[in-house]
There are 2 protein chains.
Amino acid sequence: MANPKQANIYDVARLAKVSHQTVSRVLNNNPSIRPETKTRVLKAMESLGYRPSLAARALASSRSKMLGILSSDTDFTGPAAMVHHMEAAARAQGFFVVTVGIDANDEESVQSGIDHLMKLGIEGLALVTPQLRAVEIARAAVSGIPVVTLDSMYRMDELAVSVDNFAGGAAATQHLIDLGHKNIVHISGPQGWFESTTRAAGYTATMLNANLTPQVIDGDWQIDTGYRIGKKLDIDSKQVTALFIANDRMSLGFMHAMRERGIEVPKRLSIVGFDDLEETAYSSPPLTTLRQDFKSLGNRAMNLLLSEISGTATKKLDRLVPELIQRSSTAAPPKL
Amino acid sequence: MANPKQANIYDVARLAKVSHQTVSRVLNNNPSIRPETKTRVLKAMESLGYRPSLAARALASSRSKMLGILSSDTDFTGPAAMVHHMEAAARAQGFFVVTVGIDANDEESVQSGIDHLMKLGIEGLALVTPQLRAVEIARAAVSGIPVVTLDSMYRMDELAVSVDNFAGGAAATQHLIDLGHKNIVHISGPQGWFESTTRAAGYTATMLNANLTPQVIDGDWQIDTGYRIGKKLDIDSKQVTALFIANDRMSLGFMHAMRERGIEVPKRLSIVGFDDLEETAYSSPPLTTLRQDFKSLGNRAMNLLLSEISGTATKKLDRLVPELIQRSSTAAPPKL
DNA sequence: AGCAGTAATGTTAGCGTTCACATTGAGCGC
DNA sequence: GCGCTCAATGTGAACGCTAACATTACTGCT
């Protein structure tokens, strides 16, 4: 009942009348152990309340069972969900995950986050930092262990899982074109983010392909920025009838500005967002958007990483296509 | 340049012409070392690219420098933000944080999450699980290390940091009463959550204190539930003029239902939420709500935990009062 | 019977730290 | 100039495990 001192492998061995190594073998599921001895050892462990020491194991085997996640913007729904599901996937395989939150725009923050993780002796690293620069720094600072990138991309020969943002941008744009819109503006994410440039590229390519002129306004993901752009955007003289906005948060801010200006969505203006935040189904009006499956993204990334660690890796890249969710913020354009 | 093998303490000692123990002392900032030897050792470390082995240190000193966070609903903004700031605070003091996401309604999930963390040999644990039952299980399963509870409460003699939900509920209610409302309904969170019951208690107490009749509808935090309640709530025959809704997500759903029913907020109905999600400033209309400072909450919790670990703890409880943010979803009641 | 082969278990030596104690040498008082 | 103290450093063992090799005891084959 009391806990005078955590039992170790020798205590268990003594009680089970075997050598400590046999105990170790039981611990590691070594096949060459008689079932009968195995149960005896297990019973001994049980009765001593034995808990293997991870530190000792790590020291002896130089396998820490630790994984690192470097994550920026963890407060956002997407990254938080990915991190959460990655942790669950790792834990299911007996790994421990240390998540370090960083400011991806601050090189020193990235570097010190990496250092922190390297001290730990992690066996693998996942980067949930969509900022290209942060990924570069991290990749450079780490050596000897596999690194998987989520929703970003560095080089084709590295492990990476991402949403096909190009396809998403294209689908959003095509949806608007199919409804009959011609004058479609894109509000992008910040520069230096993989998602920004790729969504914008999907938009641009689709516009050009339909012989339409792309018009891009720089945004930065922030809800407030969507609002401010919405407040001052010249809609009438430019005859804009639709926008593809690079994320839902900006879309929400933008639509708020439209309400204030008395511009009806979707009657006068159609809007497509990106992310499918939960609340966009309940916004005014409910937002047409592209859904990303963060759970699947996280799971796949972790499995990629774990299979690379165990040497059973087969592929290096994985890509998910986002799904267009049609709600009531899009309709045919008005006659102008 | 190459990395044939990580240098250890003996390699450093040899190069610096001291004993390995002196190196260890330098590592641990032992005061009784001559500055001159210290620099020599540091130089040797530098030139060998020496990295101390956490595993070895943990084994020898039985201090793992690991902390655990048990977190449910990590996808929500609040918990995610708290976890994020806790991690940062811990890292600043050289600790590593392993966050485990669980389903707080599933006892086995709670238990296995705890087991996972205990295997690691964590030195302290933080519970970001507002469900009372989960906190109980966790507290019972853990022994020998300090545990801090966030935004929940178990017993007064345990470490805990929380928002003063009672005060928040009271402030929300009083705000509506001050505007002249009499018929104020509360939509609560799910049963079994500390925040639910305490916010409801603050509401009820304030209503009774003003000689008004409390009316509570059970909710569950979900945006969809707010919407569904909003769709069917009998507002006219009951002459309801205001609601205090236990969180912003439900409020968002509720207001969406009001828009669909053509009930004007705040002209016909005033609404107060709780949380101050970023997007509530841009909802239609912008929501009056109570702001919680998750950053401060996380920091304080971690500092409480760390001071308890180092034995310098002074207090055990910390409580933050949420701030009423007035926006345009509240106004004086209509004449009925 | 004798010997190889193999399944099951044992023995010894690390892994890279810290801990407890031992040693050295300089400074000081008398 | 002797011993005492204290500051600075050194020595050996311990932490709890795994790796590598060693031993034992069967089995079956000739």
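Computed from a prediction, not measured in an experiment: that's the story for all the values here.
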- Any ring-ring contact (aromatic ring centres under 6.0 Å, His included) involving residues 41-66 of chain A? Give me the pairs, sequence neighbours left out, ordered by first then second residue. none
- Mark yes or no for whether B/Ser72, through its side chain, and B/Ala104, through its backbone, hold a donor-acceptor pair below 3.5 Å. no
- On DNA chain C, which is the earliest and which the latest nucleotide, 5' to 3', with an atom closer than 4.0 Å to a heavy atom of chain A? C/dA8 to C/dG16
- Are B/Arg133 and B/Glu136 close enough for a salt bridge, meaning some N to O gap below 4.0 Å? yes
Atom pairs, protein N/O to nucleotides 11-16 of chain D N/O, distance under 3.5 Å:
{"unit_1": "D/dG12", "atom_1": "O6", "unit_2": "B/His20", "atom_2": "NE2", "d": "2.9"}

- Message: Donor-acceptor pair, distance only, cut-off 3.5 Å: does the side chain of B/Ser24 make one with the backbone of B/His20?
- Response: no
- Message: Quick one: does any side-chain atom of B/His84 pair with a main-chain N or O of B/Lys295 as donor and acceptor, under 3.5 Å?
- Response: no
- Donor-acceptor contact below 3.5 Å, side chain A/Glu123 vs main chain A/Leu67: no
- Message: What contact category does A/Thr37 fall into here, base, sugar-phosphate, or nothing, at under 4.0 angstrom with non-hydrogen atoms?
- Response: sugar-phosphate
- Query: How would you label the contact of B/Ile33 with the nucleic acid (heavy atoms, under 4.0 Å): base, sugar-phosphate, or nothing?
  - Reply: sugar-phosphate
- Examine distances only and state if a side-chain atom of A/Arg51 and a backbone atom of B/Gly121 form a donor-acceptor pair shorter than 3.5 Å. no
- Task: Kindly say whether B/Tyr10 contributes a backbone atom to a donor-acceptor pair with the side chain of B/Asn8 at under 3.5 angstrom?
- Result: yes
- Let me know, please, whether A/Val23 or B/Val18 comes out on the 5' side of the other along DNA chain D by nearest nucleotide. B/Val18
- Atom NZ of B/Lys38 to atom C1' of D/dA7: distance rounded to whole Å? 16 Å
- Quick one: A/Asn29 CG to D/dT18 P, roughly how many Å, whole number? 12 Å
